[in-house]
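Letters A, B, ... are given to chains in the order of the sequence lines, protein chains preceding strands, and every chain is numbered from 1. What you see below is based on every heavy atom in this structure, not just the backbone, and it leaves out hydrogens, waters and symmetry mates.
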2 protein chains.
Amino acid sequence: MEFKEAKQKFISTWGSLGTLWGINKAMAQIHALLFIAPEPLSMEEIMEELEISRGNASMNLRGLIDWGIVYKVTKPGERKEFFASEKDVNELARQIAKERSRREIEPTIKVLKEISSIESNGSAANEEFIKQTKAMHELTENANALLGRIVSTEQNWVTKTIIKLFK
Amino acid sequence: MEFKEAKQKFISTWGSLGTLWGINKAMAQIHALLFIAPEPLSMEEIMEELEISRGNASMNLRGLIDWGIVYKVTKPGERKEFFASEKDVNELARQIAKERSRREIEPTIKVLKEISSIESNGSAANEEFIKQTKAMHELTENANALLGRIVSTEQNWVTKTIIKLFK
DNA sequence: TTAAACTTTCAATAATTATTGAAAATATGT
DNA sequence: ACATATTTTCAATAATTATTGAAAGTTTAA
C-alpha cells in the first residue's frame, strides 16, 4: 500500500469510528490528521487537506480542544495559530475516558439513582421498574468506577491492567 | 416523583444514551421499555406506548434481536408475537460488549494493522505515520483483549474486576 | 385452500445534524 | 491608532438519517 492511500484510510476509518465515541465525522478526521502529522498544522492546512470550510475547521478544532486532546501551538514569528494532537496513545485514551465519564456516564448515574428511588405502589409494573433500574444503577456505577480505576493508572494502563487480571 | 414520570425519564434517558453505543433512538427506547416491563409486550403495545409506527417498531425490534438483547416470545393461544428484553444487567453488558467488539473494534484493528505495515520511504511524515498507527494498533488490541477478558467472566464481572484491581 | 391476523419491506417524506460562507469580531505588527 | 491578518459566529442550506404508511408477504386456524 502507498503512504497516501494508507493515510487516507486512517483518516476515514477514524472518521467513522468517531461517530461512535460521540464526536462528529469532521472532528474525528481533524484529529486523525493531527495525530499522524509530524508537525503542528495551521487551520489553512487542515482545511485544504480535508477539503472542509473555514467555519467547519474552526468549530471542530474548538471541540477537540474542549475534549482536551488537541492543543493550540504558536510558532515564533508566525501570526497564525497552529494545532497539535496529543500524541501519546495512553494519555489520549485516558483523556477520552475521563471526558466521556464526565459528560455521559455520570449524568446517567444521577438519573438512574433518582428514578430508582420512587416509592413502590405495589403494582407489578412498579416493582419491576424499581428492581431493574436499581440493578442498572449499580452496574453503571461499578463500570464507571472501573473505568476511572483503569484510566487513572500512570502509564500503559491497558497492558498493566491485563497483567493484573490474568494473575 | 411519580411512576409515570420516572418511567418516561428512563425511556428518554436510555434513548439518548443509545445513540452513543451505536443504536438509534427508537431502538434504544424500545429496549428501555422492554427492560422494565414485567411481561413480554406485543408490537401493538410497543407502538402505542412509544407512539411510533408499525414499520418503525418492526425494524427496530429486528435490530435489537440482531444485537442479541431482545427475544421473541410466543404465548400459547396467542397468534401474535411478543417481545422480551434480556433482564440480567450483567448478561446485557456482556452481550453489548461482545457485539461492539465484533462490529467495530475488530474491523478497526484489522485496518490499523494493515496501514501501519507500509514500507517507510524515510520521510518524516511517513515515519510519524508508522509510529503513531503502530501505537494505536497496539493500544486497540490491548483494550479489546481487556474488554474480552472482563466480559467473559461468568457473573458480576464489573464487581469482580474491581476487587481484583484494588488488590 | 382460503381468509383473516399479523409482520415485513421500502419508496416517500420528515426530522435531524453537519457544513458552508460571508459578516463580525479579535489579535498583531508597524 | 491604524491597517491587515486571522479567527469566530451563525443564518442559510445541504447532507444524512429516521420515520411513516400502505402494499406485499407470511403464518395460522378452520
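- Within 4.0 Å (heavy atoms only), A:Asn56 reaches at least one base atom of the nucleic acid.
- The residue among A:Arg54 and A:Glu78 whose nearest nucleotide of DNA chain C is located toward the 5' end is A:Arg54.
- With respect to B:Glu44 and B:Arg54, a salt bridge is recorded, a charged nitrogen being found less than 4.0 Å from a carboxylate O.
- At a cut-off of 3.5 angstrom, the base of C:dA4 holds at least one donor-acceptor pair with the side chain of B:Arg79.
- Toward the 5' end of DNA chain C, the nearer of the two residues A:Gly77 and A:Met27, judged by each one's closest nucleotide, is A:Met27.
- Atom-to-atom, CE of B:Met59 to C1' of D:dT20 comes out at 9 Å; the value is rounded to the nearest Å.
- The side chain of B:Lys72 sits closest to C:dT8 out of C:dT20, D:dT7, C:dT8.
- Residue-level contact check: B:Glu44 touches neither bases nor backbone, having no heavy atom under 4.0 Å from any strand.
- Taking atom CG of A:Leu64 as the reference point, atom C1' of D:dT7 lies 16 Å away to the nearest angstrom.
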request  = Report the C-alpha distance between B:His31 and B:Ser85 in whole Å, list the side-chain angles of each, state the deciding distance to 0.1 Å, and finish with yes or no for side-chain hydrogen bond (donor to acceptor under 3.5 Å, both in side chains).
outcome  = CA-CA 7 Å; B:His31 177 255; B:Ser85 165; 3.2 Å; yes
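- In this entry the distance linking CG of A:Leu50 with C1' of C:dA18 reads 15 Å, nearest Å.
- Atom CZ in B:Arg62 sits about 14 Å away from atom P in C:dT7, given to the nearest Å.
- Note that CG of A:Asn24 and CE of A:Met59 are 8.5 Å apart. Values are rounded to the nearest 0.5 Å.
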Solution key, residues 104-115 of chain B side-chain donor-acceptor pairs under 3.5 Å, sequence neighbours excluded:
from     : atom 1 : to       : atom 2 : distance (Å)
B:Glu104 : OE1    : B:Arg100 : NE     : 2.9
B:Glu104 : OE1    : B:Arg100 : NH2    : 3.0
B:Glu106 : OE2    : B:Ser101 : OG     : 3.2
B:Thr108 : OG1    : B:Glu104 : O      : 2.7
B:Glu114 : OE1    : A:Lys9   : NZ     : 3.2
B:Glu114 : OE2    : A:Lys9   : NZ     : 3.4

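- Taking atom CE on A:Met47 and atom P on C:dA22, their separation rounds to 12 Å, with Å as the unit.
- Taking atom NZ on A:Lys25 and atom P on D:dT17, their separation rounds to 8 Å, with Å as the unit.
- Rounded to an integer number of Å, the gap from B:Phe83 CZ to C:dT8 C1' is 11 Å.
- Rounded to an integer number of Å, the gap from B:Lys80 NZ to C:dT7 P is 8 Å.
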